[in-house]
Every structure is written in structure tokens, then in C-alpha cells.
Novice: 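Can you keep this structure in mind? I'll have questions shortly.
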Number of protein chains: 2
Amino acid sequence: MTTHDNDAYKPIATVDLAIFSLSPEGLAVLLVRRAGAPFSGDWALPGGWIHIDEDADLQAAARRVLKEKTGVETPYLEQLQTTGSAGRDPRGWSISIVYIALLSADDVAQRQDAMAGQAEWRAIEGEGVGLSLAFDHASLLREALGRIRSKVEYTNLPGHLLPARFTLSELQSVYESLLGRKLDKSAFRKRMAEADFLEPVEGEMRRASNRPAQMFRLKDAQSLVLFDRRI
Amino acid sequence: MTTHDNDAYKPIATVDLAIFSLSPEGLAVLLVRRAGAPFSGDWALPGGWIHIDEDADLQAAARRVLKEKTGVETPYLEQLQTTGSAGRDPRGWSISIVYIALLSADDVAQRQDAMAGQAEWRAIEGEGVGLSLAFDHASLLREALGRIRSKVEYTNLPGHLLPARFTLSELQSVYESLLGRKLDKSAFRKRMAEADFLEPVEGEMRRASNRPAQMFRLKDAQSLVLFDRRI
DNA sequence: CTAACTTAGTTGAAGATTTACACTAAGACT
DNA sequence: AGTCTTAGTGTAAATCTTCAACTAAGTTAG
């Protein structure tokens, strides 16, 4: 058929993941140290080749990489973008399909030993991690952060970073932390009620030395809900 | 290095375009007839292999395909999404990076003979073109339509489909056509003024047998402007 | 046992924005 | 000069946002 059946003309294709969770310092991203060339020893976003004999589709490839690095099977997962150019990998013309994954605090707590040595959480500072990353991964991370920060304004994205059950005050704190500004309590609660993505866990309350707070869970732990207006 | 240096393990990668313009019947998409196998003779979205010796990056590959099919060099161009799976192409595991392009009415008018026989505009009806398309292109088109319709709600996207100069009433008509509902004139004009992406062409008026209308142009013909609120 | 303290959750007044619709403006046509 | 058509503006009522105070419900200290 065409000359492009000759495999030398095929670009290289990898799936890379920007996996986020909440750390005590705020948003954090999972990084791995590269074992082999190129960029051996450098920090990078977790990723890997597409296994054409094993992965049914791109999403499956992303899930496989996620499972390998974190043990988590069903987080929030969304395709961010695809970059491809002649120069981004010294081995040749290469494509990276980038996914964003959000891990709930429960996932992180359960899996932190399984990940030992393989990968490490780094707190986000400004536009990145204050660390130079392999390939164009610093740029990919910047894009991922842009997408996340944008979606905090008009989606329930922060709900996917909390544990399975949380209070409205806790949810508001995560919004405030990601947005970098304080929100009005009554307006916030009104938005959440309108967006209709939470359900109260009957009878379950967060208890402390004050009035107990109703606990909530996401109605759907995989899907993002868009608000009618910005928060 | 790894077994994946063996090219048999590389997926196939193409760049495909959903190129839109306005036709008398509303939104239209550019389709081509496939010349060779697979799906020979079927309608498909224009696309092609990545030329690793010619294309600097994915965006350049998309621009090359666009130029080949339409002659247009600098339209609005945005990456939509990437699909990849074992089954979407009978030749093997394949990836398609899909771009959306919007052609101004001027571009379409100028290039309609250059395109003769190569490609054809089809009006959008509902979720597609009422025609079965090669590969998973019907699904890709559906995704592209979803993105476009969503962005009409909160961006100046329709401005990229009009000729270089247009009136506010004409712009409002395009919004209404794409949204499928009527808009309030004064609210519409207020949004457009706030979004600040138009400039009046001093002294140029659309004349008919009624009050003349001020003509406007986009301040930037390549970039999308987001509104603060939905339209 | 009760008062103080803390955070949860609600309420409401003042101000800002949106909506719906009517009004004025400026040309061509008769 | 009057009518018609579309351009463009104005406005009152309804809605939404903001800001802050208020009530609620528990624990803790005395």
C-alpha cells in the first residue's frame, strides 16, 4: 500500500499520566524516576508504551499504567491532550497521549505502601513541582494544572480528591485551597445543592467538640458534574 | 532496549480533521471519499498519516492535511481528542488524533473550486450527517459536534464561521442557528461587548432597505474568547 | 449543671444583574 | 410625507449575589 506501512515511518506512542491527590501541603502529583535512557534518573510523569496485544484502547492503556503505579483501578480519569513532535524524544518522532487521574484520599491512604520506591508524591508549587522533569513533562504538567484549576471553577472536580465521605465544610476547604481564595458559605452550599451531585449519608455525622456535621458522598464517583455558573 | 523498539508493536497513527463551515442549511462538515482500502468508496473525515520527515509536530500535520484538502492556511484550529483501539482500523491497533477546524465563509467562497472532486460539504443533521462514515468517524464527528455546541454557549466560536466582516445581527443569527433557540437582542449585545473580541470597522455599514448596520471584525481571527457567563 | 466555646447550617437586607419587552433611530420604498 | 423594516437603546420587574448576622448542636471548663 503506502510507504507508511514501513514501520520506520511510524511515530512512537506512549500514554502518560498526571495523577493528582491531596497532600497536607495541597495538591500533589505522582512522579517516577526514569530507570533507563533517555533522561535516566530524572523525574517524570508515570507512563508507558501502548501494549497493542494487551490494551483494548487508549483508556485501557491509561488504566493499566495507573494500576501498575498506584494499584488503583477506578479513579476519575480524563484525557487531557496529545502532544507529538519530532524533537520531544531523542529516539524519534513521538506522541504522548496525556491523561489526568484524580485519586481520592482513601485510595492514597490504602496504597501508599504498595507504591514504595516506585513513585513519589510531590506537592504542586505554582505552575509545577520546582523540579526539572524528563522530556516535555514539565510542560504537560503545566497544561494538566491549567485544566484542573479551570475545572475547579465550574465542576465538582474537588469532590474526587476527598475520601469517599466528607462534610460540606471539608469540600469547601478543598475548593478554597485549589482556588486560592475564600468562598462564601451560603453561596457555596447553594451551588452544591443545585449541582445535585452529592447525597447525604443518612445518620453519619462528623463529630468533634462542636455541632456535628452531616457527611456526604458523591452520587457518581467516576463522573464530573458541570455547574450552571462559576462557583 | 525494549521489545517495543520492534516496529510491529507500534500502533498506526493518523491525524483526522472535522472541518466545519456554514452552509445555507446551517453547519456543514467537509467529507472526502476514501480512495483505497479499507472502507474504499466510503465517506470519511479528511485525514492522513503523520509524515515524520515533514511534519514538525501534530498541529503542523493537521495544518498540512487542511491545506491539502481546502487550501486554507490559517483557520481556527483546535485539538479535540485522541481515540485509539485495537479494532477501529482493520489494519491494526490505530490511533487517531482529531482536530476541529472552523472555516470562515470567506475561506469557503474562495476555495470552493480548488476543492472540486476532492471533498464535499455535508450539512449537519442532528448528531451527524445522515450517512455512514468509514472507521469510527461517525463517532468522532459526534464528539466534535458536542464540543462545538458546548462552546457556542460560552465562547465567540460562531464568529469564526462568518466572513471577515459581519453585523451583530448576523452574528446573533449564527448563535441562534447553532443553539437552536432565540436569544434576546439586548442581552446578546451586552455579552459581545463585555467579551471584547469585536471591533467596529469604522465607516463600514451593511446597507439594505432599512436602517444601516455597523459592521464588525474579530480582533483576533485565530483565538477563541471565553465569556464570563453562558450566553 | 450551666455557661462558654466552636463549628454547622440558615436567614435576610442591600445591591447588582438578568430578563422580557417596548421604545427610538435610520434608512429605503411608495 | 408616510409606511415599512431592521438597528440599536432603555427600563421595570424579577432574579441572583453578596455580606454579614443569626440560630443550632454538640463538647469542654468551671
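Chain naming here is simple, since letters A, B, ... match the order of the sequence lines and numbering starts at 1 in each.
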Novice: With sugar-phosphate meaning primed atoms plus P, OP1 and OP2, does R230(B) contact a base, only sugar-phosphate, or nothing at under 4.0 Å between heavy atoms?
Specialist: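 Answer is nothing: R230(B) stays at 4.0 Å or more from every strand.
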
Novice: So which one's nearest nucleotide on DNA chain D is more toward 5', E170(B) or A208(A)?
Specialist: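 It is E170(B), whose closest nucleotide lies nearer the 5' terminus.
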
Novice: Mind checking A213(B) for me? I need base, sugar-phosphate or nothing, with any heavy atom below 4.0 Å counting as a touch.
Specialist: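 Touches sugar-phosphate only.
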
Novice: Quickly work out the E194(B) CD to dA16(C) P distance and round it to whole Å.
Specialist: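 In whole Å, dA16(C) P and E194(B) CD are 15 Å from each other.
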
Novice: Can you tell me how far P of dA20(C) sits from NZ of K190(B), to the nearest Å?
Specialist: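 Answer to the nearest Å: 14 Å.
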
Novice: Parallel under 30°, tilted from 30 to 60°, perpendicular over 60°: which one fits the rings of Y175(B) and F188(B)?
Specialist: perpendicular

Novice: Are OP1 or OP2 of dT17(D) and a side-chain N or O of R229(A) less than 4.0 angstrom apart?
Specialist: yes

Novice: Rounded to the nearest angstrom, tell me the gap between atom NZ in K182(B) and atom P in dC21(C).
Specialist: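 In whole Å, dC21(C) P lies 15 Å from K182(B) NZ.
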
Novice: So for R211(B) and dA7(D), does any side-chain atom that can act as donor or acceptor lie under 3.5 Å from a complementary atom in the base?
Specialist: yes

Novice: When rounded to the nearest 0.5 angstrom, what is the spacing between CG in L183(B) and OG in S173(B)?
Specialist: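 The distance works out to 9.5 Å.
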
Novice: Checking only heavy atoms, does the side chain of S186(A) share a donor-acceptor pair with the base of dC19(D) at less than 3.5 Å?
Specialist: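 Present.
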
Novice: Nearest heavy atom decides the nucleotide; on that basis, is I231(B) or N210(B) closer to the 5' end of DNA chain C?
Specialist: I231(B)

Novice: May I have the distance from Q214(A) (atom CD) to dG26(D) (atom C1'), rounded to whole angstrom?
Specialist: 15 Å

Novice: Output yes when a side-chain donor or acceptor of E78(B) lies under 3.5 Å from a complementary backbone atom of A101(B), and no otherwise.
Specialist: no

Novice: Which listed nucleotide (dC29(C), dA8(C), dA26(C)) is nearest to the side chain of K185(A)?
Specialist: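 It is dA8(C).
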
Novice: Only one of L178(A), L226(A), I100(A), L224(A) passes side-chain contact (heavy atoms from CB on, under 4.5 Å) with K151(A); say which it is.
Specialist: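 Of all the options given, the one that passes is L224(A).
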
Novice: Send over the distance from F188(B) CZ to dG8(D) P, rounded to a whole Å.
Specialist: 12 Å

Novice: What is the distance, rounded to the nearest whole Å, between atom CZ of R191(A) and atom P of dC16(D)?
Specialist: 10 Å

Novice: Counting only side-chain N and O atoms of S169(A), is one of them less than 4.0 Å from OP1 or OP2 of dA8(C)?
Specialist: yes

Novice: When the distance from CE of M205(B) to C1' of dA26(C) is rounded to whole Å, what number comes out?
Specialist: 9 Å

Novice: Out of the candidates R111(B), R64(B), K67(B), R63(B), only one should pair with E73(B) under the salt bridge (charged side-chain N to carboxylate O under 4.0 Å, His left out) rule; please name it.
Specialist: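 Among the candidates, only K67(B) passes.
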
Novice: 5'-most contact on DNA chain D: R207(A) or D184(A), nearest heavy atom basis?
Specialist: D184(A)

Novice: Scan R206(B) against the nucleic acid and name what it touches under 4.0 Å (heavy atoms): base, sugar-phosphate only, or nothing.
Specialist: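 Result for R206(B) = nothing.
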
Novice: Under 3.5 Å, is there a donor-acceptor pair linking the side chains of S223(A) and D220(A)?
Specialist: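 Distance-only check passes for S223(A) and D220(A).
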
Novice: Measure from the side-chain heavy atoms of R189(B) and tell me the nearest of dT9(D), dT27(D), dT5(D).
Specialist: dT9(D)

Novice: Calculate the interatomic distance between E204(B) atom CD and dA7(D) atom P; express it in whole Å.
Specialist: 16 Å

Novice: What nucleotide, of dT18(C), dT6(D), dT27(D), holds the atom closest to the side chain of S209(A)?
Specialist: dT27(D)

